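This structure is in structure tokens; I'll ask about it shortly.
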2 protein chains.
Amino acid sequence: MLTQHFSGRNLNRVKAHNLQAILMSLLHENQISRAGLAKRTSLSSATVTNLANELLAQGIITEIKPQATEIERKRAVGRPRRMLRLVPNARYALGVHIGVGLFRIALTNLHADIIDNRIVEFERATPAAEVLEKIALEIEDLLLEMAIDRSRILGIGVGASGLVNHDQGINVIAPRLGWNNIYIQAELQARLGFPVRVDNNVRAMAIAEAFFGAGRGAGVLAFVYGRIGVGAGFVVNGQVFRGSGAGAGEIGHTIVVPQGGQECRCGQNGCLETLVTEPVIIRRSVELAQQHPESLLAKYMENESAAAPSIETVFAAARDGDELTLKMLDDQICYLGIALANLVNVLNPGMILLGGVFAQGDDLVRPIASKVMRETAFSGLGDDVIIEPTSFGWRAGVVGAAALALMDFFYQTTETV
Amino acid sequence: MLTQHFSGRNLNRVKAHNLQAILMSLLHENQISRAGLAKRTSLSSATVTNLANELLAQGIITEIKPQATEIERKRAVGRPRRMLRLVPNARYALGVHIGVGLFRIALTNLHADIIDNRIVEFERATPAAEVLEKIALEIEDLLLEMAIDRSRILGIGVGASGLVNHDQGINVIAPRLGWNNIYIQAELQARLGFPVRVDNNVRAMAIAEAFFGAGRGAGVLAFVYGRIGVGAGFVVNGQVFRGSGAGAGEIGHTIVVPQGGQECRCGQNGCLETLVTEPVIIRRSVELAQQHPESLLAKYMENESAAAPSIETVFAAARDGDELTLKMLDDQICYLGIALANLVNVLNPGMILLGGVFAQGDDLVRPIASKVMRETAFSGLGDDVIIEPTSFGWRAGVVGAAALALMDFFYQTTETV
DNA sequence: TTATTTTTTTTATTTAATAAAATAATTAGT
DNA sequence: ACTAATTATTTTATTAAATAAAAAAAATAA
């Protein structure tokens with residue numbers, strides 16, 4: 001039985017905490033006066049002055065010259081406040097998203113805005129060490145090209161698929177890459193000299209949304225990502241929720257059809273992943289097109305040159321009113337709705353964000369999933385849940401990864417079980 | 001959109017935090033030296049001495065006289081350590097568990113050991129105000145009888161069923177009592193003068209287990225309680241998880257049979273509650289006994305004088321080897337296993353504790369639920385989960401309630417979304 | 001008896017927050 | 001134009017609490 005370690009909070013931690021409280025406020029408010037910061041953080045104005053001076057000296061924040069919003073000046077009796085603002089490009093972070101057969105690298109600023117990004121493909125059989133070496137080379141090259149001072153790089157965040165040991169930065173299992181116990185953190189840290197953070201990629205996306213995206217201010221945020229599988233990441237009140245063994249969020253293997261469901265690659269029957277992933281929907285579409293060669297769906301597929309049709313073709317047919325496709329999507333997506341309802345019943349999130357295929361087909365997917373979720377969730381629990389697509393689109397992966405590095409800067413308290 | 005409030009941690013909070021770190025260590029360790037506390041809390045020995053002196057002056061801790069464990073004295077080169085111990089009866093807490101038609105009250109010490117307790121029945125139609133008045137009277141009476149100094153009572157914890165607004169101490173909805181928006185905290189606080197904490201009863205049980213019971217040291221703890229319904233409570237690293245609207249843990253209305261499931265009182269079909277609650281199992285047993293009058297189950301039921309058979313009768317038949325009953329339990333409980341697997345996939349808890357009927361029939365329920373859970377959970381996620389019955393038995397309700405009050409003493413940081 | 005070891009306490013120092021006072025920059029009223 | 005009022009920010013002096021370093025205490029080992 002693991003014994004908890006109740007660390008007594010030493011004084012220096014207090015300052016770090018207060019600094020981070022100020023930074024987080026600046027991140028949320030865009031511009032805010034010292035007085036406003038004092039109110040928001042419940043620190044004294046003197047403390048805010050002191051800490052703000054430190055941040056100003058470091059160039060992380062700046063004073064806005066002319067009082068930007070001239071309109072609300074009418075309320076201005078008394079000494080006018082001097083607004084402070086984060087300097088987004090004062091520091092940078094690097095995000096690495098490792099996908100199947102490709103990785104993306106992005107350089108972002110403190111707002112998690114992408115400054116530059118690259119996509120590199122690799123053979124699926126490439127050994128992990130080689131992929132990491134490629135990543136390191138690409139990062140070196142990117143930094144050189146952008147002429148970024150290395151001292152302004154906060155660190156590197158890596159979003160990996162599968163099971164990730166966050167504390168040690170190890171990709172424990174990545175089934176689709178055949179990776180086992182890859183020491184990503186140690187490797188990249190040694191190679192590049194920056195602090196490295198590794199986490200599950202969907203969890204990283206959840207973090208990005210919670211701090212820099214649509215999830216800001218949501219008490220409990222669930223990010224649900226669908227592509228080849230379905231995964232979820234949770235952020236609770238600014239704390240990442242990883243579970244006891246970093247395995248939280250395997251929503252894709254939640255059983256939604258306990259009897260007679262299709263067999264899943266995990267060995268079980270009736271997992272959510274057997275119903276609503278990209279490959280499953282494409283497979284169902286191919287079947288439908290074969291059964292109904294006269295349908296719009298079949299026509300759209302014929303026009304496609306690729307061997308396998310893309311999910312966009314399916315969505316296009318649905319958007320253009322193909323009843324068959326719409327019906328099929330309805331039949332499949334309703335299970336996502338049930339899974340979300342189960343999630344809502346258990347976690348009671350304030351917001352659910354959808355990413356991956358679910359965001360690509362947002363106009364088709366969300367109405368169904370949302371409706372079923374609300375109908376199915378217990379006693380109005382689903383009514384107040386905000387459901388939206390990810391605010392980062394295809395960037396979710398790299399931005400999420402970069403967010404891992406940014407978090408150490410903004411909010412040390414990201415550690416949880 | 002609710003804006004988060006990043007409270008800057010002021011200095012006095014540091015001391016409170018460190019005191020609580022010390023108290024928590026004392027709670028976990030039973031006896032520990034100042035040096036040990038310094039190591040465990042990573043505070044300096046000077047700080048520990050100071051804080052320990054304050055606690056000694058308040059009578060909350062004491063020095064153990066003769067070095068209790070004489071055996072391990074051999075390692076004693078150097079000045080011998082002087083062990084400190086919590087004085088369990090230095091302070092007390094009151095726990096109130098409000099059930100359907102009855103409430104329980106318990107006086108506990110700092111270890112959450114019950115000093116005295118009472119059960120009071122009331123008509124189900126009694127107005128809430130009247131029930132609260134009865135509770136207050138009973139508490140006054142208990143304190144008088146036990147001759148407890150009011151200044152040593154830390155506070156009152158109340159475990160209520162249904163939806164509870166913890167911050168305001170309001171029982172928002174208690175369907176089975178027909179209560180709506182009952183201001184339990186305000187009412188009892190005004191009436192009795194003690195601080196009052198109110199929370200959902202299952203959540204309270206989870207807290208009790210996490211701090212005083214089998215769940216100590218578990219990173220993510222899930223407490224699953226079955227009686228008339230099925231609910232769950234979660235404690236994550238010593239923080240209660242309540243969800244955005246205090247609605248987390250409604251596992252009973254998780255859909256486990258999406259098509260063709262029985263209708264639930266919540267309006268949905270196929271909820272877990274339609275399969276594994278006490279009334280459902282009794283109803284299934286009655287049906288079975290009617291169909292098979294020669295069975296052991298039927299005989300046991302005949303012997304019972306009560307109108308409806310008790311769950312204990314059903315369990316007795318199963319324990320005595322009645323195949324019909326065993327088969328029925330297998331068929332029903334396997335759905336609990338599926339629900340637990342879904343829970344494991346989503347939350348990845350380190351420990352699941354079962355309470356209520358599940359604990360009553362632990363020898364029958366747990367093997368099935370545990371087996372199905374482990375078979376069904378994704379890729380070995382279930383393998384490391386410890387499943388056990390509640391360590392408090394029927395006391396779980398009141399001990400849980402008392403734990404709500406004790407938490408303010410031991411661990412202020414119990415607040416989460 | 002002395003050296004060593006470990007624990008606990010004391011003393012002096014340091015850090016950081018903060019209350020209170022001072023200063024600054026404005027509007028409103030006369 | 002001048003004064004009062006108001007609000008924001010900075011400065012000064014104070015305070016709380018942690019902690020490093022030193023001292024003291026209480027034992028064993030040689």
Side-chain angles (χ1 to χ4, degrees), chain A residues 6-22 25 29 31-57 61-70 72-85, chain B residues 6-22 25 29 31-57 61-70 72-85:
Chain A
F6 301 101
S7 60
R9 185 163 276 116
N10 26 20
L11 267 183
N12 48 332
R13 283 267 199 104
V14 176
K15 188 180 178 185
H17 179 274
N18 288 340
L19 263 174
Q20 281 157 354
I22 285 177
S25 299
E29 287 289 328
Q31 60 170 237
I32 187 169
S33 68
R34 289 171 181 79
L37 282 172
K39 205 171 187 181
R40 217 169 186 292
T41 60
S42 68
L43 290 166
S44 69
S45 50
T47 303
V48 171
T49 295
N50 292 337
L51 296 178
N53 284 344
E54 284 190 33
L55 293 172
L56 282 165
I61 63 174
T62 188
E63 258 185 24
I64 297 175
K65 313 294 156 50
Q67 179 76 350
T69 47
E70 206 75 37
E72 62 167 17
R73 182 182 287 252
K74 60 173 159 48
R75 73 70 283 124
V77 63
R79 175 174 176 173
R81 45 192 168 193
R82 301 159 74 188
M83 302 308 258
L84 298 170
R85 193 172 55 73
Chain B
F6 301 101
S7 60
R9 186 163 275 115
N10 24 23
L11 267 182
N12 49 331
R13 283 267 200 101
V14 176
K15 188 181 177 186
H17 179 274
N18 288 341
L19 264 173
Q20 281 158 355
I22 285 178
S25 298
E29 287 289 327
Q31 61 169 236
I32 187 169
S33 68
R34 288 170 181 80
L37 282 171
K39 205 171 189 181
R40 217 171 186 292
T41 59
S42 67
L43 290 165
S44 68
S45 50
T47 303
V48 171
T49 294
N50 292 336
L51 296 179
N53 283 345
E54 283 190 34
L55 292 172
L56 282 165
I61 64 174
T62 187
E63 259 185 21
I64 297 174
K65 314 295 156 53
Q67 179 77 347
T69 47
E70 206 76 35
E72 63 168 16
R73 181 180 287 249
K74 60 172 159 50
R75 72 76 279 122
V77 62
R79 176 174 175 172
R81 44 192 168 194
R82 302 160 76 189
M83 302 307 259
L84 299 171
R85 192 171 56 73

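These numbers were taken from a predicted model, which means no experiment stands behind them. Numbered from 1 within each chain, the chains take letters A, B, ... in sequence-line order.
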Query raised in the report: For the pair made of CZ in A/Arg82 and P in D/dT7, what is the distance, rounded to whole Å?
Result: 19 Å

Query - Residue-phosphate contact under 4.0 Å: A/Thr49 side-chain N/O, D/dT10 OP1/OP2 - result: yes

Report summary line: Between CG of B/Asn50 and P of C/dA12 the distance, given in whole Å, is 15 Å

Query - Separation between CD1 of A/Ile22 and CG of A/Leu55, rounded to the nearest 0.5 Å - result: 6.5 Å

Requested in this report: Choose from C/dT8, D/dT7, D/dT9 the nucleotide whose nearest atom is closest to any side-chain atom of B/Arg34.
Outcome: C/dT8

Query - B/Leu43 CG to C/dT9 C1', straight-line distance once rounded to whole Å - result: 16 Å

Report task. Spell out yes or no: do the side chain of B/Arg79 and the base of C/dT7 have one donor N/O and one acceptor N/O closer than 3.5 Å? Result -> yes

Requested in this report: Using a heavy-atom cut-off of under 4.0 Å over every strand shown, decide if A/Ala46 touches base, sugar-phosphate, or nothing.
Outcome: base

Query raised in the report: Where the side chain of A/Ala35 is defined as all heavy atoms beyond and including C-beta, which of C/dT6, D/dT7, D/dA8 is the nearest nucleotide?
Result: D/dA8

Query raised in the report: Between atom CG in B/Leu19 and atom C1' in D/dA18, what is the gap in whole Å?
Result: 13 Å

Report summary line: Taking D/dT6, C/dT8, C/dA17 as options, the one with an atom nearest any side-chain atom of A/Lys15 is C/dA17

Report summary line: Out of C/dA17, D/dT28, C/dT8, minimum distance to the side chain of A/Asn18 belongs to C/dA17

Query raised in the report: Does D/dA30 have a Watson-Crick or wobble mate here (both distances under 3.5 Å), and if so which one?
Result: C/dT1

Query raised in the report: How many Å lie between CG on A/Leu51 and C1' on D/dT10, as a whole number?
Result: 14 Å

Report summary line: Rounded to whole Å, CG of A/Leu84 lies from C1' of D/dT10 at a distance of 14 Å

Report task. To the nearest 0.5 Å, tell me how far A/Ile32 CD1 sits from A/Met83 CE. Result -> 7.0 Å

Requested in this report: Measure from CG on A/Leu37 to P on D/dT9 and round the result to the nearest Å.
Outcome: 9 Å

Query raised in the report: When the distance from CD1 of A/Ile61 to P of D/dT9 is rounded to whole Å, what number comes out?
Result: 11 Å

Report task. For C/dT18, take OP1 and OP2 only and decide whether either is under 4.0 Å from a side-chain N or O of A/Thr47. Result -> yes

Query raised in the report: Distance from A/Thr62 atom OG1 to A/Leu84 atom CG, nearest 0.5 Å?
Result: 8.5 Å

Report summary line: Picking from D/dT10, C/dT8, D/dT7, the nucleotide nearest the side-chain atoms of A/Ser45 would be D/dT10

Requested in this report: Determine the minimum heavy-atom distance between B/Thr41 and B/Ser25, stating which atoms define it.
Outcome: CG2-OG, 3.8 Å

Report task. Looking only at non-hydrogen atoms, find the nearest pair between A/Glu63 and A/Leu56 and report the distance. Result -> N-CD2, 4.1 Å

Report summary line: On DNA chain D, more 5' by nearest nucleotide between A/Gly36 and A/Gly78 is A/Gly78

